[in-house]
Amino acid sequence: MPEYSSQFDLAVISTKSNDSKIQLWGRCITGESIFLEIGGLEPYLEITYSTEQVPSDINVKLDKVKRRDDVVEVIELGEKWTEYGVKEMWRVMMKSSKHQDRSSFRKENINDWLFYNADFNHDKRLFYDLDIGTHIRINCQVIDDHRYPVDIYAKTDIHNLNNITPFQAPFVIASFDLETSILDNRILCAAVIIDQLDTSGQRKEIAKEYTFSGTEIEIMKGMTNLIRDKNPDIITGYNIDNFDIPRLKERLEYLTKENDTKTRSELFGWSRRAHENEWDMIPYRARNSKKWTVVGRCFIDAWWEARMVLRPKRETLSYVSQLLFPKRRDLRKLEIDTSKIDEEWEKRPDEVLEYCKRDALLPWEILDELRVIPKKESLAAVSKTSLDVVINGTTSNWIDSLVIRLADRNNVAVPMTKRYDRSDQIAGGYVHEVEPGVYPWVAVLDFKSMYPSIMINNNICRTTMIDDKNTQLPCNESPDGIKYLQKSQREGLVPKLLLDLMSQRDFHKKEMKNALSNGEKSKQIFHDGMQYAVKILMNSFYGVFASTFYRFTHKNIGSSITAWARYNITEIIRQLEEENQNVVYSDTDSIFVSVPMKITAPTKRPNTELGAKKFDEAKTELVKFGKELAERFTEDAAELEFETGLSAFFSHGAKKRYVGRMIWPKEEMIIRGYETRRSDSFTLLTNTMKSIFEYILDGNQESAIKEVITLIKEVKKGNANVEDLVISRSCKAFDRYANPDGLPFVQAAKKRRDDHGLEFTPGMKVAYVVTKSSGSNQVVEPWLVEDGGEPVDTYDIDYYSKRLAKALGRITEAFGWSENELLTGTRQTTLFSF
DNA sequence: ATCATGCCCTAA
DNA sequence: TGAGTTAGGGCATGAT
């Protein structure tokens with residue numbers, strides 16, 4: 001018996017299965033990287049007969065399975081719930097954990113058996129069967145063998161892993177950038193930044209910088225040695241998934257022979273493997289996938305993370321950096337002309353290296369600023385899985401992690417993922433019509449976690465759904481006629497998980513408040529991150545269960561959730577309208593109600609003492625009304641909250657587009673849907689719109705219209721600042737469009753690439769200015785200032801004045817000023833005359 | 001001129 | 001390891 005005398009607390013980065021062993025890579029709380037081989041978890045899948053009743057020749061069939069070469073033994077499990085009723089199940093212990101071996105077993109036995117717990121990678125069983133999460137304590141035997149690029153190489157078995165309270169692991173981060181030749185794609189130089197987090201999720205020290213130049217082989221070997229030496233858990237960079245990693249791979253193919261595994265490993269063996277002949281020593285990606293994988297580490301693309309969090313108008317590294325770090329002057333000047341990089345590298349290599357170093361550091365600074373890594377780790381902890389599942393996996397993988405382990409413990413058979421046919425979509429949320437105009441004093445109420453609450457309160461789950469419409473069992477029946485067993489009969493897996501997540505969230509919120517009052521800043525941030533991760537995960541359940549492919553879903557589930565949602569909200573609207581209350585707007589889980597104000601008060605707090613007093617009285621009235629309404633309509637089935645008090649609400653009459661002056665709980669203008677929120681609008685329009693919303697909410701329509709008319713006059717004269725007219729939209733690969741040449745952003749992307757020698761990455765935003773729109777087609781010029789280019793110096797006067805008039809005219813039309821009247825600046829029948 | 005379609009982006 | 005959902009606005013193009 002080996003002695004497992006060493007003990008480590010660690011966060012799991014990733015796992016893999018290798019024969020009957022599970023391989024696990026992690027980072028210890030004390031800072032070391034660790035690689036573990038875990039024994040004792042044999043691969044298996046589960047089977048039951050495909051007929052309704054137990055077939056008479058069941059023993060013959062079982063023997064046939066037992067005698068197979070790929071089967072070790074067959075274990076009787078007893079009864080489990082399946083979607084076809086309760087059935088006897090057997091566990092088939094298999095020799096191989098390989099996906100293709102399991103798949104051929106299934107193929108060869110498809111006539112006799114149904115398969116369960118059969119279609120996910122074996123290493124996931126470590127989490128499900130041992131019920132462990134991201135942060136674990138292990139007892140192990142440290143092996144004196146330094147082949148693996150980690151600080152600790154150890155062995156253990158499944159009896160030596162235990163859950164511990166989540167913490168923030170001191171992950172090591174590498175961030176890199178390449179400069180490559182435009183002439184021949186060669187790598188000219190590279191820079192790598194190495195840094196580490198501390199256990200409060202902060203950066204530990206000043207990052208260390210490394211640069212590489214010389215021959216391509218020297219550069220690639222140098223980087224690989226550094227990666228294996230400094231041993232980062234996370235490798236980042238800007239747009240690395242689309243550019244840097246594929247370029248390194250390309251150069252590897254160019255520089256080495258396919259069978260020269262030794263050299264290939266020396267050049268690009270970034271994985272945490274020991275042997276140069278492992279097939280996954282080199283980063284790789286699945287067929288048809290954009291996502292790169294490196295065994296034992298994680299790639300995170302700073303571009304993608306910044307895009308998701310910030311939704312920036314433009315997506316170049318320089319634009320995003322200036323957005324996040326506006327005070328940093330060193331980001332403003334772009335010393336290197338990347339469109340002439342070969343020449344620059346020839347003439348002033350030192351400056352190019354400095355530039356490369358800066359572009360290696362920035363992606364890490366972006367991730368740090370957005371707290372990307374602590375957020376991923378919190379989400380991993382809440383979904384009880386490895387870091388890489390959260391980084392590289394899908395929403396359904398997170399849900400799997402919680403659902404499968406619970407199913408296993410409740411004798412629910414875990415079905416394989418299958419695709420449901422759903423040619424017609426399920427119906428979604430209810431959206432109320434909104435009449436154009438300004439509404440003073442509006443209370444906004446909304447249902448707290450609406451879809452999760454509906455799932456909990458009606459016990460909605462695949463395991464509680466009853467097909468028999470005439471069942472006599474006590475059920476909750478959805479408005480669209482689907483029946484779910486009541487909790488007293490059988491508690492659904494999903495409702496149980498959601499309830500548990502709700503109480504977890506309450507716990508972290510409480511801890512967060514405690515930490516705040518004790519002045520424990522990092523503890524407060526930690527619990528805030530955890531409660532937020534719980535929220536994200538809870539809100540993911542509906543989407544996965546309403547999808548057409550998840551293993552535990554059914555088309556009825558999604559449709560009954562939304563049916564209940566529509567019923568709940570429209571029932572409240574109906575009751576309010578019956579009482580002659582004015583429901584101004586409603587979308588899915590929210591209701592906007594006019595407050596029956598007894599006093600007349602200005603909607604903006606005046607400076608005069610008397611006016612201010614009136615305003616405050618009205619605000620008190622608003623809050624009272626909102627709270628009473630929330631209380632009145634809150635039932636055990638659904639908690640309605642008074643979320644926001646508005647002194648004024650405006651919409652021009654389109655759903656999902658409104659503005660409001662929030663005065664409770666805090667003071668702020670809220671804008672939804674309008675161009676102001678859209679990343680494909682231009683600054684002149686969004687700024688003007690924001691400004692006129694301020695006027696409109698204050699009841700000053702005259703100033704709003706004056707501003708628009710003045711602006712359009714100036715734009716017509718050609719006085720607009722071209723930078724404020726830049727439009728930016730994302731652009732896919734050109735062949736993905738039915739008629740690419742008809743699209744202005746495709747034109748811009750092509751000009752960017754062909755006329756200016758710059759990269760175009762499919763999926764990224766392209767910025768442009770419309771310079772001519774005579775005839776049917778627009779003529780556009782790409783905007784390349786963030787790429788080191790010159791600004792466009794002209795714009796199409798008619799196009800921009802018309803677009804402004806159209807977008808702003810929709811709004812001013814509510815006060816009688818149409819698009820054409822804004823363009824001419826005059827009106828026949830005047831409300832105001834200018 | 002009007003309508004249908006393709007596309008992007010947002011609210012929830 | 002292929003994969004969260006629907007509702008909705010608005011721009012541009014192209015057919016009728």
Side-chain angles (χ1 to χ4, degrees), chain A residues 16 99 119-121 123-124 284-293 307 311 313 388-389 392-400 417-420 422 424-434 446-447 449-451 536-551 553 555 557-559 561-563 565-566 569 585-590 651-658 670-681 685 727-732 736-747 763 765-766 770 773 775-778 780 799 802-803 806-807 810:
Chain A
K16 276 220 141 200
H99 202 265
D119 67 341
F120 44 84
N121 290 342
D123 54 296
K124 299 290 176 288
Y284 62 94
R285 59 180 165 183
R287 211 176 282 265
N288 303 328
S289 170
K290 291 244 162 183
K291 218 123 204 156
W292 288 87
T293 306
R307 168 183 240 217
R311 290 189 304 143
K313 273 200 158 81
D388 98 298
V389 167
N392 297 316
T394 61
T395 318
S396 52
N397 295 141
W398 316 345
I399 305 294
D400 258 355
T417 292
K418 45 185 160 295
R419 198 188 164 84
Y420 295 90
R422 196 160 67 201
D424 49 358
Q425 286 189 327
I426 59 169
Y430 169 78
V431 191
H432 201 62
E433 288 289 345
V434 49
D446 68 13
F447 283 108
S449 304
M450 188 188 221
Y451 289 172
I536 301 266
L537 192 61
M538 283 180 69
N539 288 335
S540 305
F541 272 76
Y542 159 72
V544 171
F545 281 84
S547 78
T548 49
F549 59 85
Y550 188 59
R551 61 178 85 248
T553 195
K555 62 178 163 51
I557 292 180
S559 72
I561 295 167
T562 57
R566 288 192 302 277
I569 207 95
Y585 181 58
S586 164
D587 186 347
T588 309
D589 62 355
S590 68
S651 172
H652 74 279
K655 290 172 174 178
K656 297 192 187 282
R657 296 202 159 202
Y658 63 87
I670 55 170
I671 304 178
R672 294 291 177 265
Y674 278 114
E675 281 78 349
T676 317
R677 301 271 292 188
R678 293 182 63 102
S679 61
D680 58 353
S681 190
L685 175 56
I727 298 167
S728 180
R729 303 184 105 188
S730 53
C731 181
K732 296 187 286 196
R736 300 268 296 274
Y737 295 108
N739 178 21
D741 293 324
L743 299 166
F745 49 89
V746 171
Q747 189 191 140
K765 286 188 192 297
V766 180
V770 179
S773 60
S776 60
N777 271 351
Q778 291 179 3
V780 305
Y799 173 80
K802 212 161 176 280
R803 254 199 83 171
K806 198 166 190 175
R810 271 196 295 273

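These values consider heavy atoms only, across backbone and side chains, with no hydrogens, waters or symmetry-generated copies. In what follows, every chain begins at residue 1, and chains take the letters A, B, ... in the order their sequences are listed.
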J.: Figure out the CD1/P separation between I727(A) and dC11(C), and round it to whole Å.
T.: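 Those two atoms, CD1 and P, are 11 Å apart.
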J.: What one-letter contact string describes nucleotides 5-12 of chain B from 5' to 3', where B marks a base within less than 4.0 Å of any protein heavy atom, S marks contact via sugar-phosphate atoms alone, and - marks no contact?
T.: --SBBSBS
J.: Distance check needed: dC11(C) P versus R803(A) CZ, whole Å only.
T.: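 Rounded to whole Å, this separation is 6 Å.
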J.: Does H652(A) place a side-chain N or O at less than 4.0 Å from the phosphate oxygens OP1/OP2 of dG10(C)?
T.: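 Looking at the OP1 and OP2 atoms of dG10(C), one of them is under 4.0 Å from a side-chain N or O of H652(A).
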J.: Decide, yes or no, whether a salt bridge links R672(A) with D587(A) under the criterion of side-chain N to carboxylate O below 4.0 Å.
T.: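 Salt bridge absent between R672(A) and D587(A).
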J.: For K765(A) versus K313(A), what's the shortest heavy-atom pair and its separation?
T.: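 Taking every non-hydrogen atom into account, CD-O, 3.4 Å.
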J.: How would you list, by chain and number, every residue that makes a ring-ring contact (aromatic ring centres under 6.0 Å, His included) with Y737(A), sequence neighbours excluded?
T.: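 With neighbours one apart ignored, the set is F745(A).
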J.: Do H432(A) and I569(A) have side chains that approach each other closer than 4.5 Å (heavy atoms only, starting at C-beta)?
T.: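 The answer is no; the side chains never approach within 4.5 Å.
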J.: Can any side-chain N or O of T562(A) pair as donor or acceptor with the backbone N or O of A427(A) at less than 3.5 Å?
T.: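 Present.
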J.: For Y542(A), give me all partners under ring-ring contact (aromatic ring centres under 6.0 Å, His included), at least two apart in sequence or on another chain.
T.: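 So Y542(A) forms a ring-ring contact (aromatic ring centres under 6.0 Å, His included) with Y451(A).
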J.: Taking ring-ring contact (aromatic ring centres under 6.0 Å, His included) as the test, write out the residues that go with Y284(A), two or more places apart.
T.: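 Expected list: W279(A).
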J.: Y585(A): what forms a ring-ring contact (aromatic ring centres under 6.0 Å, His included) with it, not counting sequence neighbours?
T.: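 Counting only residues at least two positions away or on another chain, Y585(A) forms a ring-ring contact (aromatic ring centres under 6.0 Å, His included) with F592(A), Y658(A).
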J.: Could you work out the separation of dA7(C) and dA3(C) based on their P atoms and round it to a whole Å?
T.: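 These two P atoms come out 24 Å apart once rounded.
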J.: Does A427(A) reach a base, just sugar-phosphate, or nothing at all? Heavy atoms under 4.0 Å.
T.: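 The answer is sugar-phosphate, as A427(A) gets under 4.0 Å only of primed atoms, P, OP1 or OP2.
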J.: Between protein and nucleic acid, restricted to nucleotides 1-5 of chain C and to nitrogen or oxygen atoms under 3.5 Å apart, what atom pairs and distances do you find?
T.:
unit_1	atom_1	unit_2	atom_2	d
dG4(C)	OP2	T394(A)	OG1	3.2

